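This report concerns only the one structure given below.
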Amino acid sequence: MINANLYALFQSRFPDDLNKIFLQQEDGKSLSYGDMDMLSAKMAGLLKAKNIVKGDRVLVQVEKSMEAVCLYLACLRVGAIYLPLNTAYTTAEVDYFIGNARPSLMIVVPDDFASHNISSLSLDDLTLQAQNGKPHHHIEEMAPDDLAAILYTSGTTGRSKGAMLSHENLSSNALTLYDLWHWQSDDVLLHALPIFHVHGLFVALHCALLGGSTVWFLPKLDVDSLILLLPKSTVLMGVPTFYTRLLAHKDFTHALTKGMRLFISGSAPLLSETFYQFEKVTGQRILERYGMTEAGMITSNPYEGERIAGTVGPALPDVELRICNEDGTPVPIGEIGILEYKGPNLFQGYWEMPEKTAEEMRPNGFFISGDMAISDEEGRISIVGRSKDLIISGGFNIYPKEIESIIDLLPGILESAVVASPHPDMGEAVIAIVVRQDNTITETDITEQLSDQLARFKQPRKVIFKDSLPRNTMGKVQKNILRDELKKMF
Ligand code: MLC
Ligand code: AMP
């Protein structure tokens, strides 16, 4: 049997010269392929010493760093399930993930989670201990369906669900993108995305690892740094905010991008306006693709064919797509429906929530994405809306239900509705419409009470008080009316 371990695939494609740089930072610090293989082997040794075995969850909430990438790879090596969390999550939010996933080890700020009685250490301590220990070079034997990672994604109705991704889910998607985007070993990837989500962790890093290529590894988006590094890079992957911020920068010119081969955008809709402005400045068309935590990438505009504004391209070669009614019947070409798909990239279900998994799967294996889409005759997809109640701000998903349920429990509040208003930088911004019982309650009272319960990016940018919420005859809040009212206000 061939070992399906994703790390074995990466290792089989390492560059001949292991001194080739894998990750490099602006401050001059770098990690070669050989260094990365050794540090991840030493971290694997430490995981082994801590009795981490295949299938154990390792929960990780750490700042972006080269060591964090090695920790991810070490988990793959020993067959542990990597569980990365947004660094913006509050302790209260992380408590939920710990309870749900029951990790065997946590790489976090240990004092924040001492009450859980789970072995935990900081990334600095882990790195130090690993470096002083013995490397574990053996790569655990994995079957294609064995889990590599769990990424939490919120639900429209309840708490977050852990999307279980197997080694094959990740490797099949990475190999497809590598071919589709004509990845080259001498590519230099400009990486400024966070590494706790599909986009920065899997799509970006996996392509680089399959190519044995070099990555400019930035701690976060800093447009001044992008401007400096664009002439030394060939590929950039970002959410639309990356491109609007680049365009707004006074030093962003055609000359800077002459050596760039590919600009990729995804995780949120790229406005046609941004697409055309970018083409005007650089002469290059951004390649927009569409994806989800549950499946990685699903569609992509072509590398060689025409990239069209407002479309996310056809299904990836190994993905089957259809656009359906609520009941799962395909709609005629040119009509709007809900996008459904299946393929080797589709996840293994939600962690310990078979009923939630069943709700989103058709009996014939198609996954119901919750995105509204339309297809043209050539199979090119445009995402035109969402059937799920979801806000995407700067590429982060925010579920209104989660915020509403917290606001509704605050003293003196009757009810609330959370909606998006268009935002020039983040695409969408969170706005809370609140009905209060006690008229002395202010916007600050509400935002202060949310601050230790919700990550900052989920907190409403504005609270608007109303006497009541508009409801239809079924009693359902009419968020479209609220959104229209907001458009007139801002
Ligand atoms: C930061 N802030 C945000 C925010 N990011 N607010 C709303 N939405 C966001 N996305 C807030 C901070 O809390 C802070 O608030 C202030 O903005 C400045 O923080 P910052 O860290 O300096 O922000 P900045 O660096 O400007 O970050 C913006 C960003 C970043 C867009 C560059 O959020 C980002 O890198 N997003 C990418 C997300 C991503 O990787 N998504 C992929 C998901 S995978 P204050 O008020 O305290 O100052 C997926 C599948 C697929 O969707 O298809 O890819
Ligand atoms: P996540 O759950 O964080 O993986 O986010 C997945 C969601 O992001 C999808 O269901 C879409 O709603 C949205 N998304 C991703 N890429 C695009 C895109 N190119 N255009 C529009 N929406 C996108």
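Bear in mind the structure is a predicted one, so any value in this text is a computation, not a measurement. Remember, it's 1-based here, ligands and their atoms both numbered in the order they're listed.
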[atom]: the protein heavy-atom neighbour that sits closest, reported with distance to 0.1 Å:
atom: atom 2 (N) of ligand 1; answer: M426 CE, 4.1 Å
atom: atom 22 (O) of ligand 1; answer: K220 NZ, 2.7 Å
atom: atom 53 (O) of ligand 1; answer: R289 NH1, 2.9 Å
atom: atom 33 (O) of ligand 1; answer: F396 CE1, 3.5 Å
atom: atom 35 (O) of ligand 1; answer: P194 CD, 3.5 Å

Check each protein residue for a heavy atom under 4.0 Å from ligand 2 and list those that pass, ordered by chain and number. S267, A268, P269, E288, R289, Y290, G291, M292, T293, V312, D371, R386, K388, I392, N397
Got a donor-acceptor contact below 3.5 angstrom from the [X] side chain to the [Y] backbone?
X: N325; Y: D327; answer: no
X: K487; Y: S421; answer: no
X: S387; Y: G370; answer: yes

Going by heavy-atom distance to atom 9 (C) of ligand 1, choose the closest among A192, A455, S393, G296.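 Ranked by closest heavy atom to atom 9 (C) of ligand 1, first place is S393.
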When you measure from atom 51 (C) of ligand 1 to each heavy atom in S267, A429, A204, which option holds the nearest one? S267
Contact (N/O only, under 3.5 Å) between [X] and ligand 1:
X: N397; value: no
X: H197; value: no
X: G395; value: yes
X: R456; value: yes
X: G394; value: yes

In ligand 1, which numbered atoms sit nearer than 4.0 Å to a non-hydrogen atom of [X]?
X: L221; result: 32 (C)
X: G291; result: 53 (O)
X: L193; result: 40 (O)

Start with the C-alpha gap between D408 and S405, add the side-chain angles, then the distance that decides, and say whether side chain to side chain donor-acceptor pair (under 3.5 Å) holds. CA-CA 5 Å; D408 291 352; S405 19; over 6 Å; no
For a salt bridge (Lys or Arg N to Asp or Glu O under 4.0 Å) with K161, tell me which candidate from E355, E294, E360, E359 qualifies.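 Going through the options one by one, the only one that passes is E360.
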Side chain, backbone, both or neither: the part of [X] lying under 4.0 Å from ligand 1 by heavy atom:
X: R245; result: side chain
X: H199; result: both
X: E294; result: neither

Between F252 and Y243, is the ring centre distance below 6.0 Å?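 That pair fails the under 6.0 Å test.
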Contact between R461 and ligand 1, counting heavy atoms under 4.0 Å? yes
For residues S122 and D124, is any side-chain donor paired with an opposing acceptor at under 3.5 Å? no
Using residues 214-241 as the side-chain source, report each donor-acceptor pair under 3.5 Å to any protein atom, sequence neighbours left out, with the distance given to one decimal.
unit_1	atom_1	unit_2	atom_2	d
T214	OG1	I21	O	2.6
W216	NE1	K232	O	3.4
D222	OD1	D224	N	3.1
D222	OD2	S225	OG	3.2
D224	OD1	H249	NE2	2.7
S225	OG	E26	OE1	2.9
S225	OG	E26	OE2	3.4
S233	OG	L229	O	2.8
T234	OG1	D187	OD1	2.6
T234	OG1	V188	N	2.8
T234	OG1	V188	O	3.3
T241	OG1	D425	O	2.8

Determine which pairs satisfy side chain to side chain donor-acceptor pair (under 3.5 Å) with at least one residue from residues 91-103, sequence neighbours left out, and list them in order. T90-E93, E93-K458, D95-H116, N100-Y152, R102-E352
Step by step, would you call N173 with T176 a side chain to side chain donor-acceptor pair (under 3.5 Å)? CA-CA 5 Å; N173 209 229; T176 298; 5.5 Å; no
Hey, is [atom] touched by any protein heavy atom at less than 4.0 Å?
atom: atom 37 (C) of ligand 1; result: yes
atom: atom 6 (N) of ligand 1; result: yes
atom: atom 11 (C) of ligand 1; result: no

Approximate separation, where rounding is to 0.5 Å, of I392 CD1 and H423 NE2: 15.5 Å
Between CD1 on residue I195 and OH on residue Y72, distance to nearest 0.5 Å: 10.5 Å
Knowing that exactly one of F113, W351, F196, Y89 qualifies, which makes a ring-ring contact (aromatic ring centres under 6.0 Å, His included) with F97?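 Output: one option passes, namely Y89.
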Does atom [atom1] of [X] have more than 12 heavy-atom neighbours from other groups under 6.0 Å away?
X: E335; atom1: CD; value: yes
X: E63; atom1: CD; value: no
X: E377; atom1: CD; value: no

Pairing residues for F242 by the ring pair (Phe, Tyr, Trp, His ring centres under 6.0 Å) criterion, not counting sequence neighbours: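 Residues passing ring pair (Phe, Tyr, Trp, His ring centres under 6.0 Å) with F242: none at all.
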